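First listed ligand is number 1; within each ligand, the first listed atom is number 1. Hydrogens, waters and symmetry mates play no part in the numbers below; they use all other heavy atoms, side chains included. Just so it is clear, the model here is predicted, and its values are computed rather than measured.
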Amino acid sequence: MKKMIITGENKLSGTIPIGGAKNSAVALLPAAILGRGISTIKNVPEISDRDALISILELLNCQVTVHKDELTIDTTNLKNTLIPSNLSNRLRASYYFMGALLGREKYVEIYIPGGCNIGSRPIDMHIAGFKALGADITTDGDKYILKADKLVGTDIYLRFQSVGATINLMLAATYAEGTTTIHNAAEEAEIVNIAEFLNAMGAKITGAGTREITITGVNELHGAEISVLPDRIEAGTYIILGALIGDNLCIKNIIPKHLEALTDKLKEMQANFTISSDSITISATKNLKPCNIKTLVYPGFPTDIGQPMSVLLTQCAGTSIFEETIWENRMGHVPSLNKMGAHITVNGMTALITGPTKLIGQNVVATDLRGGAALVLAGLTAEGTTVISDVEHILRGYENIVTKLTNVGAKIEIVEI
Ligand code: EPZ
């Protein structure tokens, strides 16, 4: 068990370099097994979700070499085997082995995935899509068994633009006979990154990044090289931190276009920042205007930046409405923020946040990844010392968070308890 100790109110200046996107990397690693041979994935963030996926790849007899942020995955001697619950439940993205193994091997045995407790997180659209491609799916307790003699391309309509279902079905359909079209596909930048990797392996995918993705099946995929795109959620978290307590804090290695939903809101709040081609420099300012935020699918305001953003709303002069629309349980951080002095009332998936309120350091608990990140931002802004327990949630998605923040002047450490 680890806890994080933060002494707040230190102005942060300098540069925070952004790593590769968690939510892209966690799909690219399982996707590698679709290519027979060696694949190289660059700019992989050093997060605990990466380590969990490497353990699954090694269980499947893939040879994985890690050199800093570069991973080499040799799938030549892949052995299809049951993925047990102690591995699958370490993260949500273990479910991408369903699509990848079903595509390559036409057989998968895997226990239900884990992930943050932010909602009920059904995978019915993944399952319905696999079935539409011709898979037979049974469950045995918490275990899924997916098998098919062959997969056949078809039209699949998603009732919601699900990131995970879009990626999983793209993975499985690469080896299906004929053409698959995913209608109402999610449009996230991460999906484009996965499609680029699959196409570099020899897949035929068009339309990634739009609501309609077409996959023409192939018989063979080979190893390929890809670089993970910059993490817009890590970037967004630190940009918000800059608005809270930055003094020319530069967030670098970003794609500003992917962050427009956030920067538009920061403009509305009259935050003090400038945007260059690959960075944003931001300083804290007084008298931020309150604003209303509603999380939406891409390119709307990302649900994963909602919790960090709620901390900034505590510093705005007036009442803001923060409405979460994707996950029914993304307010777990609010009791901790209120304990620190915030004025937030929650009604279902909507929070009313009235500010500005002075935040005071407290002992708090990270209930999930982004809620935990929100507490880090609150702790860095607050007077006195904040102690966050259950920081393992945060380490699942923010690489080298202590080093990155210490380098810009934060007083932050992680201790074992
Ligand atoms: C991905 O989750 C991300 N996780 C999440 O990031 C992110 O919040 C989410 O996309 C939305 O952007 C990964 O990429 C590993 P969805 P995913 O399928 O794919 C419902 C973070 O903090 N749904 O787009 O699981 C679902 O319940 C995390 O980094 C079904 O009903 O999200 C939710 O309400 C957390 N049936 C909505 O769709 C399904 O079969 C969106 O889910 C699938 C989803």
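Contact check for Phe322 versus Met309: no side-chain heavy atoms found under the 4.5 Å cut-off. Side-chain contact between Leu169 and Phe130: present, with at least one pair of heavy atoms (C-beta onward) separated by less than 4.5 Å. Between Leu312 and Leu266, the closest side-chain pair of non-hydrogen atoms falls below 4.5 Å.
Among all non-hydrogen protein atoms, the one lying nearest atom 34 (O) of ligand 1 is Ile326 O, 2.6 Å. With respect to atom 15 (C) of ligand 1, the closest heavy atom belonging to the protein is Asn23 OD1, 3.6 Å. Regarding atom 36 (N) of ligand 1, its nearest protein heavy-atom neighbour is Asp124 OD1, 2.8 Å. For atom 39 (C) of ligand 1, the nearest non-hydrogen atom of the protein is Pro122 O, 3.1 Å. The protein heavy-atom contact nearest to atom 1 (C) of ligand 1 is Val163 CB, 4.0 Å.
Here Lys22 has side-chain heavy atoms under 4.0 Å from ligand 1, and that is the only part of it that gets that close. Only the side chain of Thr303 comes within 4.0 Å of ligand 1, judged by heavy-atom distances. Only the side chain of Arg159 comes within 4.0 Å of ligand 1, counting heavy atoms alone; its backbone N, CA, C and O stay farther away. Contacts of Trp327 with ligand 1, taken as heavy-atom pairs under 4.0 Å, involve the side chain alone. If you look at Asp368 next to ligand 1, there are no close heavy atoms at all, none under 4.0 Å.
Ligand 1 lies out of reach of Gly397, whose nearest heavy atom is not under 4.0 Å from it. The shortest separation from a heavy atom of Arg330 to ligand 1 is under 4.0 Å, placing the residue in contact.
Distance CD/Glu196 to CD1/Ile226: 5.0 Å, rounded to 0.5 Å. Annotation: the span from Lys2 atom NZ to Glu413 atom CD amounts to 13.5 Å, rounded to 0.5 Å. Distance check, rounded to the nearest 0.5 Å: CD1 of Ile123 to CZ of Arg121 gives 11.0 Å.
Ligand 1 has an N or O atom lying under 3.5 Å from an N or O atom of Ser162, backbone or side chain. Of the N or O atoms in Phe160, none lie within a sub-3.5 Å distance of an N or O in ligand 1. In terms of N/O distances under 3.5 Å, ligand 1 is not approached by Ile118.
Side-chain atoms of Thr181 and Glu212 include no donor-acceptor pair closer than 3.5 Å.
Crowding of Asn347 atom CG: a count of heavy atoms from other residues, nucleotides or ligands under 6.0 Å not exceeding 12.
With ligand atoms numbered from 1 in the order given, ligand 1 contributes 39 (C), 40 (O) to contacts under 4.0 Å with heavy atoms of Ile123. The atoms of ligand 1 that sit less than 4.0 Å from any heavy atom of Tyr95 are 17 (P), 19 (O), 25 (O). Those atoms of ligand 1 with a heavy atom of Gly164 less than 4.0 angstrom away are 18 (O), 19 (O).
Closer than 4.0 Å to atom 28 (C) of ligand 1 lies at least one heavy atom of the protein.
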Is there a side-chain hydrogen bond (donor to acceptor under 3.5 Å, both in side chains) between Glu392 and Ser48 once you walk through the steps?
CA-CA 8 Å; Glu392 285 77 5; Ser48 59; over 6 Å; no
Step by step, would you call Gln362 with Ser336 a side-chain hydrogen bond (donor to acceptor under 3.5 Å, both in side chains)?
CA-CA 8 Å; Gln362 293 287 349; Ser336 292; over 6 Å; no
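Distances from atom 6 (O) of ligand 1 to the heavy atoms of Asp304, Asn168, Thr295, Leu369 show the closest one on Asp304. For atom 44 (C) of ligand 1, the choice among Met125, Arg370, Arg92 with the nearest heavy atom turns out to be Met125.
By the 4.0 Å N-to-carboxylate-O rule, Lys22 lies too far from Glu399 to be salt-bridged with it.
Checked against Asp368 for a side-chain hydrogen bond (donor to acceptor under 3.5 Å, both in side chains), the options Arg330, Gln307, His333 give a single hit: Gln307.
Between Tyr157 and His183, the angle of the ring planes stays under 30°, which puts this pair in the parallel group of the 30/60° scheme.
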